[in-house]
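In what follows, residues are counted from 1 in the order of the sequence shown. Hydrogens, waters and symmetry mates play no part in the numbers below; they use all other heavy atoms, side chains included. A quick note: this is a predicted structure, and the numbers were derived from the prediction, not measured. Whatever order the structure lists ligands and atoms in, that order sets their numbers, starting from 1.
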Amino acid sequence: MKEIKSRILELRGLIKDHNHNYYDLNNNIISDFEYDKLLEELIDLENKYPEFYDIESPSRRVGGGLSDKFDSDTHIFPMYSLDNTYSDEEIDSWHKRIVKTLDISDIEFCCELKYDGTSVNLLYENGKLIKGLTRGDGVQGDDITKNLKTINSIPLKLNSISFPKKFEIRGEIIILTESFKALNKNRELNGESLFMNPRNTASGSIKLLDSKEVARRPLECFLYSIVSNDLTINEHSNLLNLARDMGFKVPKYDKVVKSIDFVKEYIKYWNKERENLPFEIDGIVIKVNNIDYQKKLGFTSKFPRWAIAYKFKAENLVTKLNSISFNVGRTGAITPVANLEPVLISGSIVKRASLHSYDQMIKYKLRVNDSVFVEKGGEIIPKITGIDSNNRGLQEDEIVFPYLCPECDTTLQKHESEANYFCPNTIKCRPQAIGRIQHFVSRKAMNIDGFGDETIRLLYDKGLINDISDIYNLDYYRISKLEGFAQKSVDNLKKGIEDSKTKSFQKVLYGIGIRYVGESASKNIIRHINSIYDLIEMDFETLSAINEIGDKTANSIVSYFKDDLNKKILEKLYNVGLNLSKDEKFINTSNKLEGKKIIVSGVFKNYSRDELIKIIETNGGEIKSSVSSNTSFIIGGDKMGGAKKNKAQDLNIPIITEEDFNNLIS
Ligand code: AMP
Ligand code: ZN
C-alpha cells in the first residue's frame, strides 16, 4: 500500500513537471504518448485507490499554469482539455457510454483535425474583439490580447451582418509548415538560433512580452468552437459555419458522420494523409454534433464527455546511445547531437538524433550505452524523448557536457531565454569567424563571386583572412600559389571583390552580420539613418523606439558597436571605400517648394522625420509646427496627431501622403 501511495505521488510530481515543461516552457522532453501513459497509469491507480484522492492531482486539472508576466483573467465558460486515446477500441467504448447515457443510437459526430498548436479563447462583444486569453488552468488564463491583435487571421471587428451579441470563440494558434521553414531559414541567415518545431514556436511566440516581435512571427489562428448564451444554432458543425461567416479561419476538413465506423474511416484517412497537410496535426477530435446532446452529456472535472481526441502515435523506438557530439554553429550556438546505434524508424535508418535541450539532458545525466527512446513524428529530425531507466549504461560512462567551447576553449555562456549554450568568442572562434565571412560574401549581402565556402575555409586556415575586412587586402600572390588555384580563379575572385565595393549601404549593413539584423531589419534601420555613424551614436532607447526594431535587436546593435574590434573592422571597410552611408543623391536640390509652409506629422514608411525635413529644406520649403490658415499642406504619415487632422480639415488644408510628396518633388 505504501508503495502504491508513493507511486501515485511520484506520478503526480512527474506529470506536473511535464505540464510545466510543455505548457509553460514550451519545452516538452517526453513524447505525448509517454506522457499519456503516465497520466493513464495515475488515473487508473486513483480509481482503484480512492483513499489517495487529492483535488490538486494533475489528473483533475487542465495542464497549463499562469504566468506572472501577464495579467490573468477568468474565462466566462471554463476551457476544458480533451480526453484522448490511441486506439479504436477506446473509441468504441466512448461511443457505447454516450449511447447509454443519451439512450439514443443514431448520433451524429463532427470529426475535425486536432491542430497542433496552443489554444486561446477570444471574447467578442457587439462584434468587437474585447479580450484574448490563453487556456491557463482552464478557469483563468493569461491576458495576451495585445499579442493576439497582431495576428491577421483574428478579426478585430466582425464585418458580417449578424453575430451573437456576446460570445467566446476558441481556437488554436499555429504556424503553417511552410512559414515555419521560412522563419527558420531566415533565422539561420540572420545568425539566430533555430526553432524546434511549429508548436513550441507558436506557443512561445504568443507569450512574448514584446508585441512587435510577436507581429513578426507568422502566426495563424484556426477556430474550432463557439460558446455563448446568445446562440440559436443547435449543431456544432453549423457553429463552425457561423464562425466562417463571421470571418474567422476554420479549415474545411471537418466532416459530419452518422456512425462510429465512419469516424474510424476519417481517422484512418487522416493518419496517412496528414503528411500532405500544410500544417501539423497531432490527431483527430470527435465531437457529438448536437448541442442539446452535448449539454446532456456534460463534463467531467477535466474533459467534456461529448468529445474525445484520437491521437496519432509518433513512431517511437529504443536504441543505444553511442556518443554525443557538440557542434559549434555559425552563431556560436552549441548543438548537442546524439550518435545512435542505427535503427529503422518510419521507413528510414536513423543514426543521429537531436537532444531536446541542453539543460534537460544535463538533468538526465546520459551515459554511453544508455537505451534511449527515439521518436520520429511529423518533424523531419528524429529526437530523443527519454531514457529507459531499466537499461542504463555504466555510471563511469556518464557523458560530460563541456563547459568550454570544443573549438576554441572559451567558457560557454547561456542566455536566460534560450535552451542551449553558446560560445561568446564571436571574433576568434573558428566556425563563427568563417561563418561571418560566408555571410558577408553571400548573395543577399555583398554577393562576391568566386568565394565559395571551401575557399573561405582554406584562406582562413592558411591565415590569409581573419575577418571580413581582410577580404579587401588579400595577398593574391600567395593565393595563386595555393593548391587548386588557377590564375583564372584568382582573377575571378579579384574581380568579384572589386565589384562588391559598389554595393549599397544596406547590403553592407546586412553583410557585417550584427546579430538579429537580418535583411528586413537592415532595410528598416536604413530608413532612419544616413550613415553607419548615426547608428553607432544611437542608444538602446532610440533604437527600440523605431517601430520595426525589437528589444533584442536593439541590444544586439548596441553591443556590436561597443566592441572595439568591430569598430576597427568598420574603419578598414571605410578605408577601402565601401558604402557606409546612404547615397546622398536622393536629396536633390531644387526650388520646387519655394514659399511653401509645410507641416510634417506622423511616422513614415520610407523616410525618417529628419530626412523629410532635410528634403523639404533643400527643395526650398519651410517647416512649420502648428497648423494655421497659412499652411500650404501637411505631409501625413501613420499615427498622425488627431488634433492636427481636425484643424487641417476645419481650415481646408490638404493632407498629402508621402507618395504624393515623392511625386511632387521628383
Ligand atoms: P490537450 O492539449 O491534450 O488537452 O487537448 C485539448 C486541446 O486540443 C484543446 O485545448 C485545443 O487547444 C486543442 N485542439 C486542437 N484542435 C482542436 C479541435 N478541432 N477541437 C477541439 N480542440 C482542439
Ligand atoms: Zn568557440
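In this structure the side chain of Glu265 never reaches within 4.5 angstrom of the side chain of Val257, judged on heavy atoms. Inter-residue side-chain proximity for Asp467 and Asp470 is flagged as met; some heavy-atom pair is nearer than 4.5 Å. Inter-residue side-chain proximity for Val328 and Cys405 is flagged as met; some heavy-atom pair is nearer than 4.5 Å. In this structure the side chain of Tyr516 never reaches within 4.5 angstrom of the side chain of Ile514, judged on heavy atoms. The shortest distance between side-chain heavy atoms of Glu280 and Ile174 does not fall below 4.5 Å. The shortest side-chain heavy-atom distance between Asn566 and Ile427 falls under the 4.5 Å cut-off.
Ligand 1 lies within reach of Lys287, whose nearest heavy atom is under 4.0 Å from it. Within the structure, ligand 1 lacks Thr118 among the residues with a heavy atom less than 4.0 angstrom away.
Taking every non-hydrogen atom of Glu112 and a distance limit under 4.0 Å, the qualifying atoms of ligand 1 come out as 18 (C), 19 (N), 20 (N). Under a 4.0 Å criterion applied to the non-hydrogen atoms of Arg135, ligand 1 contributes the atoms 4 (O), 6 (C), 7 (C), 9 (C), 10 (O). Annotation for ligand 1: atoms under 4.0 Å from non-hydrogen atoms of Lys114 are 3 (O), 5 (O), 8 (O), 15 (C), 16 (N). Below 4.0 Å from some heavy atom of Ser81 lie the following atoms of ligand 1, by number and element: 1 (P), 4 (O).
Between Phe299 and Tyr80, the two ring planes are parallel [angle under 30°; tilted spans 30° to 60°].
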Apply side chain to side chain donor-acceptor pair (under 3.5 Å) to Ser72 and Asp142, showing your working. CA-CA 4 Å; Ser72 52; Asp142 287 327; 5.6 Å; no
Passes side-chain contact (heavy atoms from CB on, under 4.5 Å), Tyr266 versus Tyr253? Steps please. CA-CA 10 Å; Tyr266 184 89; Tyr253 302 99; 4.3 Å; yes
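Residue Leu82 touches ligand 1 through backbone and side chain together, judged by heavy-atom distances below 4.0 Å.
Separating the CD1 atom in Ile281 from the CZ atom in Phe222 is a distance of 11.0 Å, to the nearest 0.5 Å.
For atom 23 (C) of ligand 1, the candidate residues are Phe303, Phe222, Tyr224; the nearest heavy-atom contact is made by Tyr224.
Residue Glu172 has at least one nitrogen or oxygen atom sitting less than 3.5 Å from a nitrogen or oxygen atom of ligand 1, judged on distance alone. The shortest N/O to N/O separation between Leu113 and ligand 1 falls below 3.5 Å.
Around the Zn ion (ligand 2), the protein contributes the following N, O or S atoms at distances under 2.8 Å: Cys405 SG, Cys408 SG, Cys423 SG, Cys429 SG.
The salt bridge (charged side-chain N to carboxylate O under 4.0 Å, His left out) check on Arg170 picks up Glu168, with sequence neighbours excluded.
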